[in-house]
Amino acid sequence: MKARNLLMFMFIAMAMIALAPPASAHHSFAAEYNADNPVTLTGSVTKMAWINPHAWIYIDVKKPDGAVENLRIGPSRRDLQVR
């Protein structure tokens with residue numbers, strides 16, 4: 001009986017692993033970005049920080065009132081980035 005229980009457990013475990021959705025990263029694109037509302041920023045890149053496992057781009061953007069604001073941008077997955 002023990003062998004049969006072990007076999008059933010192994011079968012269920014293998015089925016759960018095979019049917020589980022793939023985990024693509026530790027961050028969700030949908031939770032952090034709105035793909036239906038792209039934003040275009042115009043400004044000067046002031047710094048690029050390549051900090052494992054993320055890259056950050058710092059950009060000076062002029063606001064409508066003329067003040068300059070420094071923004072930190074965390075790019076999405078490398079395969080989704082656009083030049």
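Reckoned from all heavy atoms, side chains included, excluding hydrogens, waters and symmetry mates.
Under the 4.5 Å side-chain heavy-atom criterion for grouping Ile, Leu, Val, Met, Phe, Trp and Tyr, Leu41 is not connected to Tyr58 through any hydrophobic cluster. Note: the hydrophobic cluster containing Ile59 does not contain Val68 (ILVMFWY, side chain heavy atoms under 4.5 Å, direct or indirect links). Val45 is not connected to Trp56 by any chain of hydrophobic side-chain contacts under 4.5 Å among Ile, Leu, Val, Met, Phe, Trp and Tyr, and they are in different clusters.
Within a 6.0 Å sphere centred on CE of Met48, heavy atoms belonging to other residues, nucleotides or ligands number more than 12.
For the side chain to side chain contact (heavy atoms under 4.5 Å, CB included) criterion with Thr46, the lone passing option out of Ile57, Asn70, Leu71 is Asn70.
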